[in-house]
Amino acid sequence: MTSRRALHFVFKVGNRFQTTHFFRDVLGMKVLRHEEFEEGCKAACNGPYDGKWSKTMVGFGPEDDHFVAELTYNYGIGDYKLGNDFMGITLASSQAVKNARKLEWPLSEVAEGVFETEAPGGYKFCLQDRIPPQSDPVLKVTLAVSDLQKSVNYWSDLLGMNIYEQDEEKQRALLGYAENQCKLELQGIKGSVDHAAAFGRIAFSCPQRELPDLEALMRRKNQTILTPLVSLDTPGKATVQVVILADPDGHEICFVGDEAFRELSKMDPEGNKLLDDDPSISVKK
């Protein structure tokens, strides 16, 4: 499955000003594009909300070869209750650690050269104080699972991921589509996974021709399909096709046709301006 790649993780954000401050000024990411929508997404990209919303993509580089964050802002919703489903994103960046210290952003050292911090809304990030081992500083996304082996089987057997590490004692596994891509870490927990209202979504791309087969496979295996194959429009940009799935613990998974997504996700040099010119971003509290 070398033709598949990890794209982004979707965060619902209640305070767009504080959140973009964290991603830009603390982590050091760039605004890659900013888009406004008048009504809810057909694939529930913005969650179960029908009103006006925006999408801001931020990352350390172009979406073609970097794993990025999608900041979804639903107008009029100021906060979302967190569950125990999202356990954090790990990135290697000495600069991010320096930025956090300079801005007096709270850091907690959990091991030598390893710091935990939180984005507005309570989303956890793990910062490694070192030079990135690859071109993209984002190393892994960690999700909680209730049955490690069942989840590993789902992600490897059905979605075609490689298993890079698996530790039964620590109840963790590391999977991915390629060595040089952001990995998915599955961490076993006791009890059930609670997604609450802040639940996110992880996105991957595959050749567009594979989408119908992927959906058919999930139907044959009696797996959850949240949104069957559908086309999504972005005003003035490429139309993409997606299938939205859910793993055994209900983690939402988006697969999008790679060819059109590369067109849609081209970096917009006006992204920062579009974001900062929006009236809601000027509201700091």
Colleague: Hey, what else clusters with M57 if you join Ile, Leu, Val, Met, Phe, Trp, Tyr whenever side-chain heavy atoms sit under 4.5 Å?
Modeller: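 When side chains under 4.5 Å apart are linked, the cluster holding M57 also contains L32, V68, M267.
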Colleague: Is it true that V256 and L264 fall in one hydrophobic cluster, defined by side-chain heavy atoms closer than 4.5 Å?
Modeller: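 Both belong to a single hydrophobic cluster.
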Colleague: Can R33 and S265 be counted as having a side-chain donor-acceptor contact under 3.5 angstrom?
Modeller: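 Judged by distance alone, the side chains do not pair up.
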Colleague: So E259 and Q208, side chain to side chain donor-acceptor pair (under 3.5 Å) or not? Walk me through it.
Modeller: CA-CA 7 Å; E259 300 87 343; Q208 185 168 310; over 6 Å; no
Colleague: Using a cut-off of 6.0 Å, state whether more than 12 heavy atoms not belonging to E39 lie near its atom CD.
Modeller: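 Counting other residues, nucleotides and ligands, CD of E39 stays at 12 neighbours or fewer.
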Colleague: Before we go on, tell me: are the rings of F60 and F67 under 6.0 Å apart, centre to centre?
Modeller: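 For F60 and F67, the ring centres are not under 6.0 Å apart.
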Colleague: Measure the acute angle between the ring planes of Y75 and Y73, then classify it against the limits of 30° and 60° as parallel, tilted or perpendicular.
Modeller: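 Perpendicular.
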Colleague: Say whether Y177 and V242 are linked into one hydrophobic cluster, either directly or through other cluster members, by side-chain heavy-atom distances under 4.5 angstrom.
Modeller: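 As far as the 4.5 Å side-chain criterion goes, V242 and Y177 are not connected within one cluster.
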Colleague: Closest approach of L107 and V97, non-hydrogen atoms and distance?
Modeller: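 For L107 and V97, the tightest heavy-atom pair comes out as CD1-O, 4.1 Å.
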Colleague: By the rule that ILVMFWY residues connect when side-chain heavy atoms come within less than 4.5 angstrom, directly or transitively, which residues belong alongside V114?
Modeller: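 Hydrophobic cluster check, V114: joined to V110.
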Colleague: Kindly indicate, with the supporting measurements, whether the criterion side chain to side chain donor-acceptor pair (under 3.5 Å) is fulfilled by R16 and S54.
Modeller: CA-CA 10 Å; R16 201 162 59 176; S54 73; 2.4 Å; yes
Colleague: Please name all residues satisfying side chain to side chain donor-acceptor pair (under 3.5 Å) with E168, sequence neighbours left out, ordered by chain then number.
Modeller: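 By the side chain to side chain donor-acceptor pair (under 3.5 Å) rule, E168 matches Q166, Q171.
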Colleague: Answer yes or no: is there a side-chain heavy-atom contact under 4.5 Å between P106 and F115?
Modeller: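 No; the side chains remain at least 4.5 Å from each other.
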Colleague: How far does CD1 of I202 sit from NE2 of H251, to the nearest 0.5 angstrom?
Modeller: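 Result: 9.5 Å between the selected atoms.
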Colleague: Using a 4.5 Å cut-off between side-chain heavy atoms of Ile, Leu, Val, Met, Phe, Trp and Tyr, which other residues end up in the same hydrophobic cluster as F37?
Modeller: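 Besides F37, the cluster holds W53.
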Colleague: Side chains of E270 and K273: does their closest heavy-atom pair fall under 4.5 Å?
Modeller: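 A side-chain contact exists here, since the closest heavy-atom pair is under 4.5 Å.
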Colleague: So Y80 and Y49, would you call those rings parallel, tilted or perpendicular, with 30° and 60° as cut-offs?
Modeller: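 Because their plane-to-plane angle is over 60°, the rings of Y80 and Y49 count as perpendicular.
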Colleague: Once rounded to the nearest 0.5 Å, what's the spacing between atom OG1 of T19 and atom NE2 of H21?
Modeller: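 Result: 10.5 Å between the selected atoms.
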Colleague: Taking L184 as the starting point, is it possible to reach F9 by hopping between hydrophobic residues whose side chains are less than 4.5 Å apart?
Modeller: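 As far as the 4.5 Å side-chain criterion goes, L184 and F9 are connected within one cluster.
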Colleague: What side-chain donor-acceptor pairs closer than 3.5 Å can you find for residues 188-197, not counting sequence neighbours?
Modeller:
unit_1 : atom_1 : unit_2 : atom_2 : d
D194   : OD1    : A196   : N      : 3.0
H195   : ND1    : D85    : OD2    : 2.9
H195   : NE2    : D249   : O      : 2.6

Colleague: State plainly whether one hydrophobic cluster holds both L158 and L211, where clusters connect Ile, Leu, Val, Met, Phe, Trp and Tyr through side-chain heavy atoms under 4.5 angstrom apart.
Modeller: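 Both belong to a single hydrophobic cluster.
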Colleague: Rounded at 0.5 Å granularity, tell me how far CH2 in W105 sits from CZ in F125.
Modeller: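 These two atoms lie 10.5 Å from each other.
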Colleague: What do the steps show when you test T72 against N46 for side chain to side chain donor-acceptor pair (under 3.5 Å), and what is the final call?
Modeller: CA-CA 6 Å; T72 297; N46 62 315; over 6 Å; no
Colleague: Is any side-chain heavy atom of F23 closer than 4.5 Å to a side-chain heavy atom of T56?
Modeller: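 Answer no - side chains too far apart.
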Colleague: Do N162 and S156 touch side chain to side chain, with heavy atoms closer than 4.5 Å?
Modeller: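 No, every pair of side-chain atoms sits at 4.5 Å or beyond.
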Colleague: Partners of E252 by side chain to side chain donor-acceptor pair (under 3.5 Å), sequence neighbours excluded?
Modeller: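 Counting only residues at least two positions away or on another chain, E252 forms a side chain to side chain donor-acceptor pair (under 3.5 Å) with R201.
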Colleague: How about NZ on K81, more than 12 heavy atoms from neighbouring residues, nucleotides or ligands closer than 6.0 Å, or not?
Modeller: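 No, not enclosed.
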Colleague: Passes salt bridge (Lys or Arg N to Asp or Glu O under 4.0 Å), R220 versus D213? Steps please.
Modeller: CA-CA 10 Å; R220 289 197 305 272; D213 293 338; over 6 Å; no
Colleague: Side chains of P248 and V145: closer than 4.5 Å at any heavy-atom pair?
Modeller: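 Heavy-atom side-chain distance check fails, nothing below 4.5 Å.
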Colleague: Could you grab the distance from atom CG of L71 to atom CZ of F22, nearest 0.5 Å is fine?
Modeller: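 Rounded to the nearest 0.5 Å, the CG-CZ separation comes out at 10.5 Å.
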Colleague: Supply the atom-to-atom distance H8 NE2 to E70 CD, rounded to the nearest 0.5 angstrom.
Modeller: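 So the gap between those two atoms works out to 4.5 Å.
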Colleague: If you look only at pairs with a residue in residues 132-152, which of them pass as a salt bridge (Lys or Arg N to Asp or Glu O under 4.0 Å), with sequence neighbours excluded?
Modeller: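 Every salt bridge (Lys or Arg N to Asp or Glu O under 4.0 Å) pair that includes a residue of residues 132-152, provided the two are not neighbours, is K140-E185.
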Colleague: Report the distance from atom CD of Q95 to atom CG of L127, rounding to the nearest 0.5 Å.
Modeller: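 Taking CD in Q95 and CG in L127, the distance rounds to 11.5 Å.
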Colleague: Do any pairs count as a salt bridge (Lys or Arg N to Asp or Glu O under 4.0 Å) and have a residue in residues 103-124, sequence neighbours left out, and if so which ones?
Modeller: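 Found none.
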Colleague: Would the distance check show the side chain of K30 and the main-chain N or O of R24 forming a donor-acceptor pair, the cut-off being under 3.5 Å?
Modeller: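 No, because the side chain of K30 does not come within donor-acceptor range (under 3.5 Å) of the backbone of R24.
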Colleague: If you look only at distance, which donor and acceptor atoms sit under 3.5 Å apart when one is on a side chain in residues 233-240 and the other is two or more places apart or in another chain?
Modeller:
unit_1 : atom_1 : unit_2 : atom_2 : d
D233   : OD1    : T239   : OG1    : 2.7
K237   : NZ     : E35    : OE2    : 2.9

Colleague: Taking the side chain as every heavy atom from C-beta outward, state whether R4 and M161 have any pair of such atoms under 4.5 Å apart.
Modeller: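 A side-chain contact is absent here, since even the closest heavy-atom pair is not under 4.5 Å.
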Colleague: Are I163 and I253 grouped together when hydrophobic residues (ILVMFWY) are joined by side-chain heavy atoms under 4.5 angstrom apart?
Modeller: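 Same hydrophobic cluster.
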Colleague: Could you pull out all residues at least two apart from T227 that satisfy side-chain contact (heavy atoms from CB on, under 4.5 Å)?
Modeller: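 side-chain contact (heavy atoms from CB on, under 4.5 Å) check on T227 returns A43, V230, I244.
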Colleague: Considering residues at least two apart in sequence or located in another chain, which fulfil the side chain to side chain donor-acceptor pair (under 3.5 Å) criterion with S93?
Modeller: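 Listed in chain order: nothing, the list is empty.
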Colleague: Got a sec, which residues hit side chain to side chain donor-acceptor pair (under 3.5 Å) with R262, two or more places apart in sequence or on another chain?
Modeller: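 Partners of R262 under the side chain to side chain donor-acceptor pair (under 3.5 Å) test: D64, D258.
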